[in-house]
**Student:** 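Before anything else, here's the structure in question.
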Amino acid sequence: MVTSEGPKCVCKFDRQDPNCKSLIRIKNAAFAGDSYLSHLIYSDNHRDFDIKPLDQILSINVELKARTRAIDGLILLAIAQGPKGGHYTALFLHKGLLQFQFSCGLQTMLLSELEAPINTGHEFTVQVALDFSRNHSHCNASLRINDTLAMSGDQPTWLGSKTLGKSKTISSIWLHLGGSPQTPVVLMSELPGGQGFTGCLKNLKINENPKEIFRFAKELSSDD
């Protein structure tokens, strides 16, 4: 762009320096309530991904470490979408307590931690999993805090026997951290002042694979 001091490069989110050539390396991501990072877990329209059987792309497993003193804010949203339906799981803080919401296309379930708030400023480990039965008729969502099962739920899915083995049923899977772009997901507990998370996230694992929380984030585009 052109400024009063002359032309200036507008860098992508992961680049810096006057010519946008230096990568920004951040292992511990801090969020202030008005930003988010997005990781592309799978896409059937992206050069980095091979077409896979449905069994290999349905489940979503996310692990990370967090630290916060906030009372409200979206920690993570993992969402799979396809031409006929999708599924998602969302973890957020509301009034200082953890809220765990998920859907496999037919129902929406909200689970709440009634005691033991985690917004104490101390680090804690989060493990979120959304798994499917062998015939894909049901899904099970679970949340573990510091390796202890905190919440879990089971519900029927929108998938049927006609979709088995067809990876095109799922076109993309995204993980949004610290907030999210506009999505079809509506959180059942409204978050005042927006959905952004205030705190720190690190040590990200997606489907048991370690990922640098900032380096491997991607910018959303209409092609993904």
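Residues take their numbers from the sequence shown, with the count starting at 1.
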**Student:** For H122, is there any backbone N or O sitting under 3.5 Å from a side-chain donor or acceptor partner on R67?
**Tutor:**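 Side chain of R67 to backbone of H122: no pair is present.
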**Student:** Between T68 and F124, which heavy-atom pair has the shortest distance, and what is it?
**Tutor:**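 What the structure gives for the nearest pair is CG2-CE2, 4.5 Å.
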**Student:** Is the closest side-chain donor-acceptor distance between Y88 and Q81 under 3.5 Å?
**Tutor:**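 No - no donor-acceptor pair under 3.5 Å links their side chains.
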**Student:** Output yes when a side-chain donor or acceptor of R69 lies under 3.5 Å from a complementary backbone atom of T120, and no otherwise.
**Tutor:**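 Side chain of R69 to backbone of T120: a pair is present.
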**Student:** If we only count heavy atoms from C-beta on, is the L204 to L177 side-chain gap below 4.5 Å?
**Tutor:**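 Side-chain contact under 4.5 Å: yes.
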**Student:** Find the distance between CD (Q127) and CG (L149) and round it off to the nearest 0.5 Å.
**Tutor:**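 Interatomic distance, Q127 CD to L149 CG, rounded to 0.5 Å: 10.0 Å.
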**Student:** First locate atom NE2 of H176, then atom OG of S38, and finally report the distance between them rounded to the nearest 0.5 Å.
**Tutor:**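 Going from the NE2 atom of H176 to the OG atom of S38 covers 4.5 Å.
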**Student:** Got a donor-acceptor contact below 3.5 angstrom from the Q155 side chain to the C104 backbone?
**Tutor:**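 Here the side-chain-to-backbone pair exists.
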**Student:** Less than 4.5 Å apart, side chain to side chain, heavy atoms only: is that true for L98 and I145?
**Tutor:**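 Contact flag for L98/I145 side chains = yes.
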**Student:** Between the main-chain N or O of C139 and the side-chain N or O of T157, is there a donor-acceptor pair closer than 3.5 Å?
**Tutor:**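 Absent.
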**Student:** Can you find a heavy atom in the side chain of I213 that is under 4.5 Å from one in the side chain of K202?
**Tutor:**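 No; the side chains remain at least 4.5 Å from each other.
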**Student:** Rounded at 0.5 Å granularity, tell me how far OG1 in T198 sits from CD1 in I75.
**Tutor:**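 Those atoms lie 11.0 Å apart.
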**Student:** For Q99, which residues count as a side-chain hydrogen bond (donor to acceptor under 3.5 Å, both in side chains) partner, sequence neighbours excluded?
**Tutor:**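 side-chain hydrogen bond (donor to acceptor under 3.5 Å, both in side chains) check on Q99 returns S112, S189.
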**Student:** Sort out for me which residue in I41, D131, N209 forms a side-chain contact (heavy atoms from CB on, under 4.5 Å) with N61.
**Tutor:**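 That would be D131.
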**Student:** Enter the distance from T125:OG1 to K205:NZ here, rounded to the nearest 0.5 Å.
**Tutor:**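 So the gap between those two atoms works out to 9.5 Å.
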**Student:** If two hydrophobic side chains count as joined below 4.5 Å and joins carry through other members, does F100 share a cluster with I71?
**Tutor:**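 Per the 4.5 Å side-chain linkage, F100 and I71 are not co-clustered.
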**Student:** Under a plain distance cut-off of 3.5 Å, with no hydrogens placed, do T148 and N146 share a side-chain donor-acceptor pair?
**Tutor:**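 No, T148 and N146 have no side-chain donor paired with an acceptor closer than 3.5 Å.
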**Student:** Side chains of V128 and F102: does their closest heavy-atom pair fall under 4.5 Å?
**Tutor:**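 No, too far: nothing below the 4.5 Å cut-off.
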**Student:** Under 4.5 Å between any side-chain heavy atoms of I173 and I60, yes or no?
**Tutor:**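 I173 vs I60: side chains touch.
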**Student:** Once you round to the nearest 0.5 Å, how far does CD1 of I57 lie from OG of S172?
**Tutor:**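 So the gap between those two atoms works out to 10.0 Å.
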**Student:** Using 0.5 Å steps for rounding, measure from the CH2 atom of W158 to the CD atom of Q107.
**Tutor:**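 Separation between the atoms: 15.5 Å.
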**Student:** Are side-chain heavy atoms of L187 and L77 found at a separation under 4.5 Å?
**Tutor:**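 Of all side-chain heavy-atom pairs linking L77 with L187, none is under 4.5 Å.
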**Student:** Once you measure the plane-to-plane angle for H136 and F132, does it fall in the parallel (<30°), tilted (30-60°) or perpendicular (>60°) bin?
**Tutor:**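 Perpendicular, since the angle between the ring planes exceeds 60°.
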**Student:** Go through it in stages, so that I can follow the logic: the residues are L201 and L76, the test is side-chain contact (heavy atoms from CB on, under 4.5 Å), and I'd like the CA-CA distance, side-chain angles, deciding distance and then a yes or no.
**Tutor:** CA-CA 10 Å; L201 302 176; L76 67 85; over 6 Å; no
